[in-house]
Amino acid sequence: MPHPTTVFRALVFVGFGAAVLACRSEQTIRFDPGTVAHHKLLDGLDSRFLLGVASSAYQTEGGAQNDWSAWERGRFPDGRPHIADGATAQRTADAWHLWRQDVQAIQELGANMYRMGVEWSRLEPTEGAWDEAAAAHYRQVLEALRAARPQAIAPMLNLWHFTLPTWVAARGGWEWPGAPAAFASFAARVADHFGDLVDWWCTLNEPNVFASKAYLTAEWPPEVADPKRAAQVMVALLEAHAQAAAAIRAHDRVDADGDGFATRVGLAHAVPVFDPASRFNPLDRAVADASDEFFNRVVPEAVANGEIRVHIPRTVDLKVPAPELRGTFDYLGLNYYTRDLVSAQLRGLIAPRAGGPRPFVVVHDPGRPRTDMDQEIYPEGLYRQLKRFASYGWPIFVTENGMADRAGTRRPDYIRAHVYAMDRARAEGVPIIGYLYWSLTDNFEWTHGYRGRYGLYAIDFDGDPTLRRRWTPAVDTFREMAANIGLQPSHDVGR
Ligand code: BGC
């Protein structure tokens with residue numbers, strides 16, 4: 001009989017080997033380019049599938065006054081301007097005035113859904129106020145979407161996409177204890193006003209991205225680098241989601257499109273893949289897992305279990321009961337763009353502290369192409385995340401997917417490969433109900449200003465004062481998808 005220590009060592013060895021193999025197999029899925037190129041996009045679906053484009057209010061409208069607009073003209077402590085090239089969103093795509101062109105562009109795609117935002121600071125510029133003119137504006141846009149032909153464009157209305165009214169920011173933003181309730185009362189009013197036109201609701205966009213950039217890495221306002229505060233902000237955002245979901249369900253009783261549902265509520269959750277830069281370095285693996293835990297798992301686990309748990313190794317261990325989160329998802333929205341290959345940094349791991357060295361850096365896989373925003377193009381990651389998040393049992397909506405490609409020539413292949421990933425997951429049983437490309441037009445890309453061009457329609461911000469929405473080759477890819485499921489474009493696009 002072998003000595004128990006020998007058995008233990010053997011088990012550890014076998015376990016480690018199995019873990020390496022498991023992670024090898026998950027990381028080494030590679031789609032065959034020939035198969036992708038010949039794949040019929042959205043094969044087997046019909047026009048009940050929700051196919052469309054997404055945008056956000058602040059990134060496209062121009063002219064909003066909120067916490068971000070107050071911040072964007074400033075500088076970081078090291079003197080760099082907050083926004084690359086000193087740009088601002090004060091005009092951006094001017095969707096506030098040019099929205100008819102946008103509705104036209106969506107019709108030309110043959111889309112049947114548009115995820116758009118309402119800007120909280122416009123509708124409620126001071127606490128408790130309600131701006132009738134701003135409300136009338138949004139109503140006009142929503143009515144035009146519903147009236148679109150050959151098919152109606154169902155709006156998915158997004159209530160918060162990173163920006164806050166200045167009166168909320170002045171009280172401490174998402175650290176103000178009253179913020180979740182203030183957001184929920186805003187949601188209730190929006191649902192009251194637009195519920196007859198809207199069935200699909202997205203309470204929040206990417207709470208994880210916001211908590212990380214605004215409270216962990218100090219890249220966004222209010223420029224905090226403190227894991228404990230980042231964790232508290234995640235909790236506040238999840239509470240805001242729960243309260244807003246309840247408010248929407250209570251205030252929108254109208255089934256706008258007659259399909260039997262007055263409301264479908266969810267949020268858009270960013271799900272990058274985190275893989276270790278070296279599969280054989282346990283520290284890389286540990287850091288990838290910790291990133292995945294904070295970024296990808298906190299939100300769905302909280303909604304599934306009714307308890308918010310935020311764990312950042314050696315820094316944060318938070319458990320907050322939140323039974324009101326249970327049942328708040330009619331769908332889980334996933335925003336997928338890329339994978340981060342993470343390499344652990346000893347200095348950042350040994351002495352974690354606010355503003356100190358980071359625990360990891362993101363490295364490049366030389367075998368993979370990258371976007372203009374230096375993101376790895378990794379469609380296999382979408383497949384992996386869809387399979388993984390399907391285990392929660394909610395219908396899944398790909399609420400964002402897209403690439404920065406100023407020339408516009410590589411985007412058709414990006415879309416093709418990611419829709420292939422989605423179709424493959426669907427064929428394996430993942431209940432995917434919609435796909436939205438980010439974004440309809442080029443727009444303000446947060447601290448990157450106008451460097452990242454994601455639009456199916458390009459805009460020449462510097463050279464064209466009319467900001468005409470210009471066709472890019474991926475419009476044809478989108479139209480091909482739409483045609484495959486029986487959706488019709490309005491007419492031929494002007495190129
Ligand atoms: C955000 C968008 C952003 C896009 C491209 C998403 O995570 O929701 O606001 O423009 O990424 O970077």
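Only heavy atoms go into these numbers, but all of them, side chains included; no hydrogens, no water, no symmetry mates. In each ligand, atom 1 is the first atom listed, and ligand 1 is the first ligand listed.
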I'd like the residue list for ligand 1, meaning every protein residue with a non-hydrogen atom under 4.0 Å from the ligand.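 These residues qualify: Q59, H161, F162, N205, E206, Y337, E400, W438, E445, W446, Y454.
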Determine whether the aromatic ring centres of residues F183 and W120 are separated by less than 6.0 angstrom.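 Distance test on ring centres: under 6.0 Å, yes.
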Using the salt bridge (Lys or Arg N to Asp or Glu O under 4.0 Å) rule, collect all pairs that involve residues 385-394, keeping only residues at least two apart or in two chains.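 Every salt bridge (Lys or Arg N to Asp or Glu O under 4.0 Å) pair that includes a residue of residues 385-394, provided the two are not neighbours, is D292-R388, K387-E428.
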Scan residues 79-90 for pairs that pass salt bridge (Lys or Arg N to Asp or Glu O under 4.0 Å), counting only residues two or more places apart or in two chains.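 Output for this query lists D78-R80, D85-R451.
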Donor-acceptor under 3.5 Å (E223 side chain, A218 main chain):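 Side chain of E223 to backbone of A218: no pair is present.
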Only pairs at least two apart or in different chains count here, so list each ring-ring contact (aromatic ring centres under 6.0 Å, His included) that has a residue in residues 217-241.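 Qualifying pairs: W68-W220, F162-W220, W220-W446, H241-F329.
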Just say parallel, tilted or perpendicular for the rings of H137 and W96, cut-offs at 30° and 60°.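 Parallel, since the angle between the ring planes stays under 30°.
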